[in-house]
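These notes are about the structure you will find just below.
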Amino acid sequence: MSPDNYVYLAAILFTIGAIGVMVRRNALVAFMSVELMLNAANLVMVAFALARGGLDGQVATFFVMVVAAAEVVVGLSIIIVIYRTRRSTSMDAASLLKL
Amino acid sequence: MNIAAPTFEWLELAPVVTILVAACLGVIVEAAVPRAFRFISQLLLTLLGIVVAGGLLVINLLAGRGGLLAMDAVSLDGPSYLAWAALLVFGLLSMMVFAERSLTNGVSAFAASAASVPGSPGEAEADGARHEHTEVFPLALFSLTGMMVFVAANDLLTAFVALEVMSLPLYLLAGMSRRRRLLSQEAALKYFLLGSLSSAFFLFGMGLIYGFAGSFQFSAIDAAVQAPLYGRGLLFTGMALMAVGLLFKIGAVPFHNWVPDVYVGSPTPVTAFMAICTKLAAVMATVRFFFVALGAERWSWQPLLATVAVLTMVVGVLLAVTQTDIKRLLAYSSVSHAGFILVAVVGATVATQANPASSVASILFYLAAYGFATIAAFAILTMVRDAAGEVHEISGWAGLGRKNPLLGAVFTVLMLSFAGIPLTGGFIGKWEVFAAAWQGGYGWLVVVAVIASLAAAYVYLKVVVSMFFDDEAKGVAVAPASGLTLVPIGVGALASVYLGIFPGPLLDLMTAASTFLR
């Protein structure tokens, strides 16, 4: 099996995610974009696991899912605290720390 | 089908397991122990855990234990031993600064109730009841666990999981300041979003390198690099993406934007912990990855890292010159130190009989010298206060050296070590780092680094001069601290001088232990 098409798709997903983080100003949407990037990486690893033989890549995706879940716990708690303080999750409003 | 049970070398990994167990016990203490005794039990548990882990590390060293552990996922070799020892020492000193309570009316530097809205009745109530977040100790220990695994990780998946275990507690710790809570929460958000973005880059790069090598093992990647079965495009793209993730954690330009914001917003004890322990872990993991897995490909990553090193040194120093806030100045100084460390990484020199310079040993020595000075400097930062809390404006520090000659003298020693003036650890560290790069054939990089370090000296001397020769600022005083702050300051200052005058023993030890197990 050639993994090419899966890798191209993953690269596109990863790019969409990266652009999302940089362009969208809502912390929640930016965070969702990061999750999209993690899933793009999962797709790459599964595709290569199939192409190269061996289960390493497939097993790795489970680790990534658990890590992503832990990241959600920490991330949402931080975003919620910010929201309760400012009544907004816009990253533009969070600008006390400037160069 | 037969599935062999994985092996796990408990004895060899005991130091890491001890820290992890101490962290888990800390969670139980949080739930089971009454509030009145929680702080002292957490503190004792934390310090005991780190000391026991250190003892186990020494026992392992004396017994000559080592090798590839836990199904080759972790490598216990010379650099791992040294990095673990450094992490435990700096972790212990940071935990002492964490526990200081005499500076803020008998409560710690962490928010009374981090979940309450700043300025709300809930916050006032928690403040009035003198609540404290003692979860900071288990959080820091979890982070320390991640760091210890990260520096010894021998495959990419272990490295990724360790990276997250190290980072996630730090995101929370950054947002738990008692004073200036809006700033602290904002720092946590920035650190979290940019940190998870960088992890995503690391992970995608990891996936591509897996596609190239067919394995996450460093040794398998090395074999694939030497005899590639597939196109090198995957390798180069993966390498670049992983470098982004690692350089972000190190705080190298152009991925340094988070450093000043997060360092300023976080509670100062957390800043001290991040400034040394996170940097040490990230640098050593980077070195292991590039030297062990991609050592055969060094001609393609050396120019890349050389560019980053130059940018990091120059931008770090230039922006440090313009700062008026001492915490921000130390943050940019930490960025420029990352640049000096990268100089040795680029050199990629291995010690031989004729040439004692070694990149790994020089980096470890630099990190040790930088770490002692950093921890003491941030501990002093927590002591300089006015009515509103810590004083961060450099103008507020004017005349402090005349008012408190001892504190002024200690801070001067630390600044001289940062600047790399002879007779301090910082000088020997810079010397070794530059020697390693010179041996590696990067003479031009050493010239740039020397110029940058001369410019950096101006930054530090400016603070010292202001402390001793400017008119005294009004209302600023040095708060009386307990031994929990004074011991790290004393240890940091003495070590900075000691490493400058007698660098030999430590340097020999590090050179002897500078070979990675492959």
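A, B, ... follow the sequence lines: proteins, then strands. Residue 1 opens every chain. What you are looking at is a predicted structure, and each value in this text was computed from that prediction instead of being measured.
- Between A/Met45 and B/Leu203, some side-chain heavy-atom pair lies under the 4.5 Å cut-off.
- Contact count against chain B (heavy-atom pairs under 4.5 Å) is highest for A/Ala60 among A/Ser77, A/Ala60, A/Ala30, A/Gly54.
- Put simply, the side chain of A/Val21 does not reach to within 4.5 Å of the side chain of B/Leu193, judged on heavy atoms.
- To the nearest 0.5 angstrom, B/Leu189 atom CG is 7.0 Å from A/Ile78 atom CD1.
- Under the side chain to side chain donor-acceptor pair (under 3.5 Å) criterion, B/Arg178 pairs with B/Asp127, sequence neighbours left out.
- Scored by the side chain to side chain donor-acceptor pair (under 3.5 Å) test, B/Thr268 finds B/Lys327, B/Glu390 as partners (sequence neighbours excluded).
- Put simply, of B/Gly119, B/Ser167, B/Gly211, the one with the most heavy-atom pairs under 4.5 Å next to chain A is B/Gly211.
- Contact annotation for A/Leu38: both backbone and side-chain heavy atoms come within less than 4.5 Å of a heavy atom of chain B.
- In this structure, the portion of B/Tyr230 lying under 4.5 Å from any heavy atom of chain A is its side chain and not its backbone.
- Using a 4.5 Å heavy-atom cutoff, the side chains of A/Arg86 and B/Glu186 are in contact.
- To the nearest 0.5 Å, the span separating OG1 on A/Thr85 from CZ on B/Arg181 amounts to 7.0 Å.
- Contacts between B/Ala114 and chain A at a heavy-atom distance below 4.5 Å involve the backbone alone (N, CA, C, O).
- Ranked by heavy-atom pairs under 4.5 Å with chain A, the list B/Gly175, B/Pro169, B/Gly207 is led by B/Gly207.
- With B/Phe212 as the aromatic partner, A/Arg52 does not meet the cation-pi criteria of under 6.0 angstrom to the ring centre and within 45 degrees of the ring axis.
- Note: A/Gly57 leads A/Ala70, A/Gly57, A/Ala11 in heavy-atom pairs under 4.5 Å with chain B.
- Contact of B/Gln185 with chain A is made through backbone and side chain together, with heavy-atom distances under 4.5 Å.
- Rounding to the nearest 0.5 Å places CG of B/Leu208 at 6.0 Å from CZ of A/Phe48.
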* Show your reasoning for whether side chain to side chain contact (heavy atoms under 4.5 Å, CB included) applies to B/Phe192 and A/Phe31. => CA-CA 9 Å; B/Phe192 168 72; A/Phe31 183 38; 3.2 Å; yes
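- For A/Glu71, there are no side chain to side chain donor-acceptor pair (under 3.5 Å) partners at least two apart in sequence or on another chain.
- Each of A/Asp56, A/Val44, A/Val34 has some count of heavy-atom pairs under 4.5 Å with chain B, and the biggest count is that of A/Asp56.
- If you measure heavy-atom distances from A/Ser33 to chain B, you find no contacts under 4.5 Å at all.
- With a 4.5 angstrom heavy-atom cutoff, B/Leu194 does not touch chain A via any of its atoms.
- More than 12 heavy atoms of other residues, nucleotides or ligands lie within 6.0 Å of CD in A/Gln58, so this atom counts as buried by the packing criterion.
- Note that CZ of A/Arg84 and OG of B/Ser120 are 8.0 Å apart. Values are rounded to the nearest 0.5 Å.
- Along residues 12-20 of chain A, the residues that come nearer than 4.5 angstrom to chain B, judged on non-hydrogen atoms, are A/Phe14 in order of number.
- Neither the backbone nor the side chain of A/Ala47 comes within less than 4.5 Å of any heavy atom of chain B.
- Counted within 6.0 Å of OH on A/Tyr6, heavy atoms from surrounding residues, nucleotides or ligands total 12 or fewer; the atom is thus considered open.
- Looking at A/Ala49, both its backbone and its side chain come within 4.5 Å of chain B, counting heavy atoms on both sides.
- Using a 4.5 Å cut-off between heavy atoms, B/Ser215 touches chain A through backbone and side chain atoms alike.
- Between B/Leu197 and A/Met37, some side-chain heavy-atom pair lies under the 4.5 Å cut-off.
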